[in-house]
Undergrad: 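This structure is in structure tokens; I'll ask about it shortly.
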Amino acid sequence: MPMSRVSLLLIPAALLSACGAPQSVLEPSGPQASIIADLGWFVMWLGIGVAVVVGALVLIAALKERGTLAEHAPYDQGGGKLWILIGGFAAPAIVLGIVFVMTLDTLDRFPLGAADADGPRIHVTGHQWWWHATYEGGDGQGFSTANEIHIPVGRTVDITLTSADVIHSFWVPKLAGKADLIPGHVNRIRLRADEPGTYRGECAEYCGVQHAHMAFHVVAQPVDEYEAWVASQREEAAVTGDLAARGRELFRTHACSLCHAIRGVSPGGGVAPDLTHLASREWLAAGTLRNTRANLAAWVVDAPSIKPGTQMPEMKVFSGEELQALLAFLEGLE
Ligand code: CUA
């Protein structure tokens, strides 16, 4: 009885928390997530049914035998064994059998045909603790970005996945199930968003102290908007004004350029996010901070205090005026 009561209380809570959430398995926005959500709802209602039946039986037994527990008959008398066979073996076997068949049917509905031939080819590499996304350009016009993956709405997109260090897991609950990123191995996940929107994703495999701060966003855009985004990402970094130009020199002559690539400015070391179009991204530090001037300044100066364990070192070497120049440069990278 207490169990079924608790489960019943949790249902409205789960439903309420799903409303308008950017990362809810209960609100699918793509065919794969819908298939998984169907199974989830089925198993949940089945579980509620079992909880109600068990709760009712416990209640009936308690009322029927009220005050007589001391002289209750042994379990193997008066049909007790039959109840054990039915309730302890037959009923669970039937319920779990139904779930098994439904799960096989769900697996059978994957994958969703082939990826669109004219869709983007995207490679994602997991790092502690950020996501490196590379868009392959058939015409040699590929580019890299980090923690924000754009896809065209209504197109089936294959994303290949691997890891630079430990095992991570790529999970965008509103679009698809999980797929692991494994060092030395290439996995694949197929995404399709039916509606435009920004879908939050999260690393779903424990990968070290900042595992919880290894988020990303999938931005699904109408095809023309998506193509405009690709065109802008292909461009080299823009630098306008004297302050930004001074910031660019500071970036080049300090440790920043050893790790971070900025096309047209620095090749980087391939171990940190490509910043060519940093200002076009909504978030910093893998979904940890909104991309605002204050957060960017805090991140540049003392990243480890925000995300302990990050490979980004503290950079307390800049004077106030130098920091303003560097920020002007970074904020101009649209
Ligand atoms: Cu990467 Cu958890």
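We count ligands from 1, going down the list as the structure has it; atoms in each ligand are counted the same way. Side-chain atoms are counted along with the backbone in the values below, which use heavy atoms only and exclude waters and symmetry mates.
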Undergrad: Assess, by modelled atom type and distance only, whether the side chains of R293 and Q324 contain a donor and an acceptor separated by less than 3.5 Å.
TA: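 Yes, side-chain donor-acceptor contact under 3.5 Å.
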Undergrad: Can you name the side-chain contact (heavy atoms from CB on, under 4.5 Å) partners of H211, sequence neighbours left out?
TA: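 So H211 forms a side-chain contact (heavy atoms from CB on, under 4.5 Å) with C203, Y206, C207.
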Undergrad: Mind listing the side-chain donor-acceptor pairs of residues 88-97 below 3.5 Å, one per line with the distance, residues two or more places apart or on another chain?
TA:
none

Undergrad: Any chance you could measure N187, atom CG, to L181, atom CG, to the nearest 0.5 Å?
TA: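 Rounded to the nearest 0.5 Å, the CG-CG separation comes to 7.5 Å.
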Undergrad: What's within reach of atom 1 (Cu) of ligand 1, meaning protein N/O/S atoms under 2.8 Å?
TA: H168 ND1, C203 SG, C207 SG, M214 SD
Undergrad: Suppose we screen for salt bridge (charged side-chain N to carboxylate O under 4.0 Å, His left out). Which residues come up paired with D165, at least two apart in sequence or across chains?
TA: none
Undergrad: Show, in sequence, the C-alpha distance, side-chain angles and deciding distance for H123 and E136, and conclude whether the side chain to side chain donor-acceptor pair (under 3.5 Å) test is met.
TA: CA-CA 8 Å; H123 309 285; E136 213 177 87; 2.8 Å; yes
